[in-house]
Amino acid sequence: MLSPLAKRRLQRFRANKRGWWSLWIFLLLFGLSLGAELLANDRPLVVSYKGSLYFPAFKQYPETTFGGDFETATNYRDTVIRSQIEKDGWILWPLIPFGYQTINYDLGGPAPAAPSGVNWLGTDDQGRDVLARLIYGFRISVLFGLVLTAGSAVVGVLAGAVQGYLGGKTDLLMQRFMEIWGGMPVLYLLIILSSVVEPNFWWLLGLMLLFSWMSLVDVVRAEFLKTRNYDYVKAARALGVPEITIMLRHVLPNALVATLTYLPFVLNGSITTLTSLDFLGFGLPPGSPSLGELLAQGKANPHAPWLGITGFMVLAVMLSLLVFIGEALRDALDPRKG
């Protein structure tokens, strides 16, 4: 059951229609992207062949299963295999019969191809379906942002709590360390390290986490510096309550209110960072579905405006939704608003 305070905050959040509907729209888009394999795939969802059901979207089957000659994975776009299956059964394809790496060899013209009834948002310069790559890229961007935001929140809250509660030399030394650490050129480090190892999702996540946690430290530190001098904290300390218990039970809840209001904006920045790195070519490995890579293709192919327009619109909508959610959350948690 929610406390009366939590109920009032929820009511204030719901009263902000822009933030409330932005939350539901974002959750809908993210939920659809989580089922990307069911929406965009070059393998059928269900295949019925000679009275048996197969689920290629979830399991690989060799060609011999459907009357082919080889033990290799079945290419369901092959006209021979398709006709063999349809002769003794049927095929249920996803809404978009392309994966993020599937090349459409039947474009009828040079790539990138314009939007059509087959490729709804056209193809990129390698003949890959833009909408399929968009769905998978949206999922990767949001998941990267969520994981990075969660990691940044844990490290940032912990560092800010230690600084603010202990104060003194501990606070002074950690502030000087943050000033030095925050001055490190992150982009240059990425460029140097990318020449040594091939960047991937977890490599980028770990490297960005080394610097992104500092965005929350100042907020948490200020709350702990303020709250540690309150009477109920002094009373708990006088009663012999352990310091760690005071920090977690009595002081941290006050800091979390300010932290939560910043999380949507941290998520926004995390997604923007990944997109920027992919645009510059220092992000995910080549071939990965990425919004930044789509924008880079739009820049390299000005004669194919659907590439740049699609990438811009998706980023604009996604980041706007997150900003609206953050504003509504900030107003809902503001104690000055009744």
Side-chain angles (χ1 to χ4, degrees), residues 2-6 8-10 12-13 143-184 186 189 202 204-273 322-323 325-337:
L2 295 177
S3 65
L5 178 60
R8 289 197 299 270
R9 288 172 174 171
L10 180 59
R12 289 201 295 267
F13 184 81
L143 288 177
F144 181 89
L146 288 174
V147 176
L148 182 58
T149 301
S152 302
V154 172
V155 179
V157 169
L158 179 62
V162 172
Q163 276 189 255
Y165 189 79
L166 298 181
K169 292 183 179 180
T170 302
D171 184 27
L172 182 64
L173 291 175
M174 292 187 68
Q175 281 293 101
R176 300 292 81 76
F177 169 77
M178 287 182 57
E179 290 174 1
I180 298 173
W181 193 249
M184 299 286 285
V186 182
L189 289 177
W202 297 108
L204 283 174
L205 184 67
L207 186 60
M208 296 308 302
L209 183 59
L210 291 176
F211 300 93
S212 62
W213 59 272
M214 292 187 294
S215 59
L216 293 172
V217 173
D218 292 337
V219 179
V220 179
R221 172 178 171 269
E223 289 294 328
F224 269 78
L225 282 172
K226 177 179 65 176
T227 311
R228 69 173 184 166
N229 295 318
Y230 284 178
D231 291 338
Y232 68 88
V233 175
K234 294 180 180 179
R237 191 181 294 116
L239 291 173
V241 178
E243 300 289 346
I244 187 66
T245 303
I246 297 176
M247 292 175 64
L248 295 178
R249 183 177 299 177
H250 301 295
V251 184
L252 184 60
N254 295 295
L256 287 180
V257 173
T259 303
L260 288 175
T261 61
Y262 273 84
L263 289 184
F265 303 103
V266 176
L267 174 59
N268 210 332
S270 302
I271 295 174
T272 305
T273 300
L322 290 175
V323 169
I325 295 171
E327 291 176 347
L329 187 61
R330 178 194 61 196
D331 294 340
L333 297 177
D334 192 345
R336 295 170 298 179
K337 297 190 176 183

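Everything quoted here is computed from the prediction, not taken from an experiment.
- Counting heavy atoms from C-beta on, the side chains of Val155 and Leu216 never come closer than 4.5 Å.
- In this structure, the separation between CG on Leu267 and CZ on Phe265 is 11.0 Å, given to the nearest 0.5 Å.
- Taken from CD1 in Ile246 to OG1 in Thr227, the straight-line distance is 12.5 Å, to the nearest 0.5 Å.
- Considering every non-hydrogen atom in both Val266 and Ser215, the closest pair reads CG2-OG, 4.0 Å.
- Two residues are said to be in side-chain contact when any heavy atoms from C-beta on lie closer than 4.5 Å; Trp181 and Met174 fail this criterion.
- Counting only heavy atoms from C-beta outward, the side chains of Leu333 and Arg9 approach each other to under 4.5 Å.
- Shortest non-hydrogen contact noted between Tyr232 and His250 is OH-O, 3.2 Å.
- In this view, Arg237 and Tyr165 satisfy the side-chain hydrogen bond (donor to acceptor under 3.5 Å, both in side chains) rule, not counting sequence neighbours.
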Kindly determine whether Met247 and Val233 satisfy side-chain contact (heavy atoms from CB on, under 4.5 Å), including the steps that lead there.
CA-CA 9 Å; Met247 292 175 64; Val233 175; over 6 Å; no

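- Among all heavy-atom pairs drawn from Leu248 and Pro253, the shortest one is O-CD, 3.6 Å.
- Between the CG atom in Leu256 and the OG1 atom in Thr261 there is a gap of 10.5 Å [rounded to 0.5 Å].
- Around the CG atom of Asn229, the shell of radius 6.0 Å holds more than 12 heavy atoms that belong to other residues, nucleotides or ligands.
- By the ring pair (Phe, Tyr, Trp, His ring centres under 6.0 Å) test, Phe224 pairs with no residue at all, sequence neighbours left out.
- Among all heavy-atom pairs drawn from Ser270 and Thr149, the shortest one is OG-OG1, 3.7 Å.
- In terms of heavy atoms, Gly164 sits closest to Arg228 at O-CD, 3.4 Å.
- Counting heavy atoms from C-beta outward, Leu209 and Ser152 have side chains that approach closer than 4.5 Å.
- Ala159 and Val217 get closest at one heavy-atom pair: CB-CG2, 4.1 Å.
- Considering only residues two or more places apart in sequence or on other chains, Asp171 meets the side-chain hydrogen bond (donor to acceptor under 3.5 Å, both in side chains) condition with Gln163, Arg221.
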Give the intermediate values and the outcome of side-chain contact (heavy atoms from CB on, under 4.5 Å) for residues Leu252 and Val157.
CA-CA 9 Å; Leu252 184 60; Val157 169; 3.6 Å; yes

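- Residues Ile271 and Leu322 form a side-chain contact, since some pair of their non-hydrogen atoms from C-beta on lies under 4.5 Å apart.
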